[in-house]
Amino acid sequence: MTMKTTLAFFALSASMAAAQTFPDDLVERGRYVATASDCVACHTGPEDKPFGGNHRIASPVGDIWATNITPSTTHGIGNYTEQQFSDAVRRGIRADGANLYPAMPYTAFARITDEDMHALYAYFMQGVEPIDEPSQQTALAFPFGLRFSMMGWNLLFADSATHQDDPAKSAEWNRGAYLAEGPGHCSTCHTPRGMLMQEDGGQYLAGAQVGPWFAPNITSDKAGGIGSWRKDEIVAYLATGRAEGKSQAGGSMAEAVSHSFSKLTADDLGAIATYIMDVPAIAGPARFDLGTAGNRTAEFRGIADPDLTDLGAGAQIYSANCAACHGYDGQGTKDQYYPSLFNNSDTAGKGANNFVAAVLNGVNRKTDQGHVFMPPFGTQTNAFNSLDDGEVAALTNYAMNQFGDGVTTVSAEDVATIRAGGPTSNMVKVVQTLIAVGAALVAVVLIATVIVLRRRKRAA
Ligand code: HEC
Ligand code: HEC
Ligand code: HEC
């Protein structure tokens with residue numbers, strides 16, 4: 001072949017690849033993998049165009065934007081080859097060779113099998129509506145804008161092995177391990193992170209703060225984890241967002257339940273539960289069967305203007321704002337549509353962040369079982385009161401005392417932190433320093449190379 005015909009041949013095979021039609025059952029399988037992976041939750045913006053991008057993810061180092069991953073050839077990933085797509089999803093490397101930030105959970109998606117990856121590609125090329133509109137792009141401040149610094153991070157922390165069955169375990173356990181570790185990426189939220197934002201493997205699923213919400217310890221520890229839950233309770237929680245008398249899903253877990261877990265088959269949810277129940281226990285403070293029904297408003301009646309630091313203020317705020325739904329004594333409704341606030345993981349340790357987050361942000365969750373809604377008390381955009389930081393702190397301290405572990409307290413400053421989107425760790429500074437040092441080293445090496453090359457030139 002001449003050069004020209006070779007080029008023509010490659011051009012032809014490339015356009016054939018783009019026009020390739022995948023069988024419907026493969027596309028459907030890919031749709032299911034995409035659902036289990038919750039691609040839509042991150043890659044859909046406020047305009048609600050599925051996979052159209054423009055979804056802002058606040059990170060300690062600045063806003064990261066999940067981009068348009070529809071098959072649009074102008075603004076999406078329509079020109080991605082299957083290999084490029086696989087590299088982006090499982091290795092965090094974009095088609096242009098740039099590294100993605102781990103806000104895209106490629107560290108978990110690395111577990112996705114080759115067969116599922118192929119199906120996922122078929123779905124994104126053929127089952128998704130192209131959207132020919134640009135997405136916001138990430139532009140982090142120096143030095144975080146240096147995407148190549150992720151190469152070092154990947155070398156240290158990313159494990160690129162796909163899922164391998166453990167022959168010592170049942171087929172159901174292995175299916176669950178695959179779904180939880182890979183597509184379901186539970187650990188990206190539930191595992192605490194170390195100094196450099198890597199998941200701390202020794203603390204697998206032991207609980208971590210993600211934005212305003214705390215993703216609790218879901219190891220098999222009876223007190224601090226969910227070791228006391230029955231299998232059907234875990235399945236119910238994943239399918240509907242609630243395990244009665246134990247916990248309800250708010251925040252990012254509500255989103256994961258709405259878009260992803262509630263749409264999985266009963267067998268797959270059972271498999272996830274079987275695996276989760278077997279995750280090694282990591283101890284923590286008791287979180288279930290805490291607190292009692294009751295109301296202390298009477299104790300404080302007649303105090304005209306209670307000090308926000310005393311429990312009476314919290315009791316009054318509770319009666320005025322919460323009792324209508326959650327009951328005068330915090331018992332909830334008979335059917336528990338409005339849940340009891342005692343025996344509730346949000347009023348149990350560790351910390352009261354989820355109680356505060358629920359009050360400020362409300363709960364909003366849609367599944368086939370219907371729409372679950374609690375109004376946010378942190379904004380003035382609804383008919384309900386808006387509570388300030390001091391009021392929320394007083395309310396929280398009363399609730400933790402009456403309905404919860406009896407010891408946890410929060411300050412108005414703690415509430416302000418949750419209102420602002422959650423604590424930023426001092427790790428940011430550490431990362432900033434390390435990356436700056438890394439960048440400085442690279443610069444030194446570059447300068448040294450230039451000098452050496454010049455000398456050689458002169459010598460020659
Ligand atoms: C937790 C949020 C999250 C989930 C879930 C997620 N992504 Fe992403 N994804 C991101 C973010 C954020 C970026 C951009 C990161 C960056 O700019 O470094 C991204 C980037 C990408 C890119 C590169 C796009 C480009 O601009 O070239 C592809 C492809 C991609 N994701 C595909 C997927 C697929 C397929 C799934 C489901 C299997 C998925 N993502 C699930 C957050 C997510
Ligand atoms: C996007 C982040 C995210 C992902 C992914 C995620 N979770 Fe969660 N999860 C949370 C948050 C936040 C909460 C707390 C919700 C609340 O209390 O309102 C939570 C709560 C839970 C609870 C209730 C625990 C309790 O003590 O109340 C269980 C069980 C759970 N998740 C299991 C899972 C499993 C299993 C997976 C993976 C298949 C998973 N989660 C994936 C963020 C996440
Ligand atoms: C209009 C009714 C209504 C009012 C008023 C209301 N709630 Fe709720 N609350 C709900 C509903 C509905 C849920 C979600 C139940 C579920 O997730 O299944 C909920 C859930 C919660 C949860 C658990 C959230 C989670 O993610 O685990 C907490 C904590 C809570 N409410 C506290 C309060 C407090 C404190 C107040 C008063 C400031 C309040 N609620 C006012 C209806 C209400």
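All values below come from the heavy atoms of this structure, side chains included, with hydrogens, waters and symmetry mates left out. Each ligand, and each atom within it, is numbered from 1 in the order the structure gives.
- At a threshold of 4.0 Å, the pair R90-D114 counts as salt-bridged, since one of the basic side-chain nitrogens sits closer than that to a carboxylate oxygen.
- Classification of K263 and D368 as a salt-bridged pair fails, no side-chain N sitting under 4.0 Å from a carboxylate O.
- Inclusion of T188 in the set of residues having an N or O under 3.5 Å from an N or O of ligand 2 is not warranted.
- Of all protein heavy atoms, the one lying nearest to atom 38 (C) of ligand 1 is C39 SG, 2.7 Å.
- One of the N, O or S atoms belonging to H326 lies under 2.8 Å away from atom 8 (Fe) of ligand 3.
- Distances between N or O atoms of W213 and those of ligand 2 include no value under 3.5 Å.
- Polar contact with ligand 2: absent for Y237 (N/O pair, distance under 3.5 Å).
- The existence of a salt bridge linking E172 and R175 is excluded, since no basic side-chain nitrogen approaches an acidic carboxylate oxygen closer than 4.0 Å.
- Among the backbone and side-chain atoms of M253, an N, O or S atom lies under 2.8 Å from atom 8 (Fe) of ligand 2.
- For ligand 2, the polar-atom distance check against N217 finds no nitrogen or oxygen pair separated by under 3.5 Å.
- Among the atoms of C189, none of the N, O or S atoms falls under 2.8 Å from atom 8 (Fe) of ligand 2.
- Using a 4.0 angstrom heavy-atom cutoff, A249 counts as in contact with ligand 2.
- Between Y338 and ligand 3, a contact under 3.5 Å exists for no N or O pair.
- The shortest separation from a heavy atom of F85 to ligand 1 is under 4.0 Å, placing the residue in contact.
- Ligand 2 has an N or O atom lying under 3.5 Å from an N or O atom of S345, backbone or side chain.
- Of all the heavy atoms of P105, the ones lying under 4.0 Å from any atom of ligand 1 belong exclusively to the side chain.
- Each of V128, I77, V40, I131 was evaluated against I69; a single residue qualifies, I77, per the side chain to side chain contact (heavy atoms under 4.5 Å, CB included) test.
- Atom CD of Q84 sits about 8.0 Å away from atom CG of D87, to the nearest 0.5 Å.
- In terms of N/O distances under 3.5 Å, ligand 2 is not approached by S252.
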